[in-house]
Amino acid sequence: MRRGGTQVCDTRPADIVGRMDWRLELVQVPVSDVDRAKAFYERIGFVAEHDHQVSDEIRFVQLTPPGSPTSITIGTGLGEMAPGSVEGLQCVVEDAEAARSQLLERGIEGVSEVKSFPWGKFVFFSDPDGNGWALQESNQPGEE
């Protein structure tokens, strides 16, 4: 776009990415012990989609939460993030109380009580390295 003879960059999102979808596929979660983390995530119900030792330095494990189109990846040689440094990972669940009970039944330690906010009910927990997760039961329109 031109304004007064000068080229101006239009930074509206539709102009940058066009009309194609951008779907979040994979989120890296840094861990110190891949086998321990994999066992933890499988215990809470994630499905191991891939586990590949690419080289002596690189191992790639992809785990998907039940019903989710987006996965996490753990491994070695995947990046520079410190183990346990990720906060704010979030999954949406139908029932926060049931999700909390499921975590406790599967032996997960440090699971919070259900906390209610105007925007939903939440359960918080961390993986063995301290990466922080929230399970959110969203309020339906008209609920509080």
Side-chain angles (χ1 to χ4, degrees), residues 1 6-144:
M1 165 170 41
T6 304
Q7 184 72 24
V8 177
C9 181
D10 189 346
T11 59
R12 292 176 295 177
D15 291 338
I16 294 172
V17 298
R19 297 194 182 265
M20 89 176 95
D21 291 340
W22 285 26
R23 292 179 288 279
L24 183 62
E25 175 73 19
L26 200 60
V27 175
Q28 184 179 346
V29 178
V31 300
S32 60
D33 181 327
V34 178
D35 291 322
R36 177 182 69 171
K38 181 182 177 189
F40 172 85
Y41 285 108
E42 287 180 315
R43 190 166 71 228
I44 65 172
F46 285 41
V47 175
E49 306 284 348
H50 300 283
D51 186 344
H52 301 289
Q53 186 74 46
V54 178
S55 69
D56 289 342
E57 297 83 28
I58 299 173
R59 179 175 175 195
F60 174 85
V61 180
Q62 181 175 339
L63 299 140
T64 305
S68 178
T70 303
S71 301
I72 64 168
T73 185
I74 60 174
T76 55
L78 302 179
E80 300 298 321
M81 290 188 292
S85 62
V86 173
E87 288 289 330
L89 296 162
Q90 186 168 314
C91 293
V92 176
V93 297
E94 291 181 20
D95 183 329
E97 291 285 352
R100 180 179 186 276
S101 294
Q102 188 178 64
L103 290 171
L104 293 173
E105 288 166 7
R106 293 177 180 189
I108 305 305
E109 297 179 9
V111 178
S112 75
E113 296 292 328
V114 174
K115 300 182 190 270
S116 293
F117 300 97
W119 50 89
K121 295 179 183 177
F122 289 80
V123 175
F124 301 95
F125 68 98
S126 296
D127 73 9
D129 283 293
N131 294 299
W133 286 87
L135 303 178
Q136 178 189 9
E137 174 186 333
S138 293
N139 286 342
Q140 298 299 315
E143 290 183 15
E144 299 219 10

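Below, all heavy atoms of this structure are taken into account, side chains as well, without hydrogens, waters or symmetry copies.
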Mind checking the [atom1]-[atom2] spacing from [X] to [Y]? Nearest 0.5 Å is all I need.
{"X": "Gln28", "Y": "Ile72", "atom1": "CD", "atom2": "CD1", "result": "10.5 Å"}
{"X": "Glu94", "Y": "Glu137", "atom1": "CD", "atom2": "CD", "result": "9.0 Å"}
{"X": "Arg100", "Y": "Lys115", "atom1": "CZ", "atom2": "NZ", "result": "10.0 Å"}
{"X": "Ser126", "Y": "Leu89", "atom1": "OG", "atom2": "CG", "result": "9.5 Å"}
{"X": "Thr73", "Y": "Phe60", "atom1": "OG1", "atom2": "CZ", "result": "4.0 Å"}

query = Between Phe46 and Trp133, is the gap from one ring center to the other below 6.0 Å?
reply =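 Yes: the rings meet the under 6.0 Å criterion.
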
Expected output: side-chain [X] to main-chain [Y] donor-acceptor under 3.5 Å:
{"X": "Thr70", "Y": "Leu26", "answer": "no"}
{"X": "Asp129", "Y": "Val31", "answer": "no"}
{"X": "Gln136", "Y": "Trp119", "answer": "yes"}
{"X": "Gln53", "Y": "Ile58", "answer": "yes"}
{"X": "Arg59", "Y": "Thr76", "answer": "no"}

query = With sequence neighbours excluded, what pairs up with Gln102 under the side-chain hydrogen bond (donor to acceptor under 3.5 Å, both in side chains) test?
reply =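 Listed in chain order: nothing, the list is empty.
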
inquiry  = Consider salt bridge (charged side-chain N to carboxylate O under 4.0 Å, His left out). Of Asp51, Asp33, Asp127, which one does Lys38 pass it with?
reply    =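 Output: one option passes, namely Asp51.
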
Parallel, tilted or perpendicular: rings of Phe122 and Phe117 (30°, 60°) =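 Aromatic pair Phe117/Phe122 classed perpendicular.
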
task = Test Ser112 against every option in Leu103, Val123, Leu135 by the side chain to side chain contact (heavy atoms under 4.5 Å, CB included) rule and name the one that passes.
result =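 Testing Ser112 for a side chain to side chain contact (heavy atoms under 4.5 Å, CB included) against Leu103, Val123, Leu135 leaves exactly one candidate, Val123.
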
Closest heavy-atom pair and its distance - [X], [Y]:
{"X": "Lys121", "Y": "Ala96", "result": "CB-CB, 4.0 Å"}
{"X": "Pro30", "Y": "Ser85", "result": "CG-OG, 3.6 Å"}
{"X": "Leu104", "Y": "Ile108", "result": "CD2-O, 3.9 Å"}

request  = Begin with the C-alpha distance, continue with both residues' side-chain angles, and end with the deciding distance and a verdict on side chain to side chain contact (heavy atoms under 4.5 Å, CB included) for His52 and Gln62.
outcome  = CA-CA 9 Å; His52 301 289; Gln62 181 175 339; over 6 Å; no

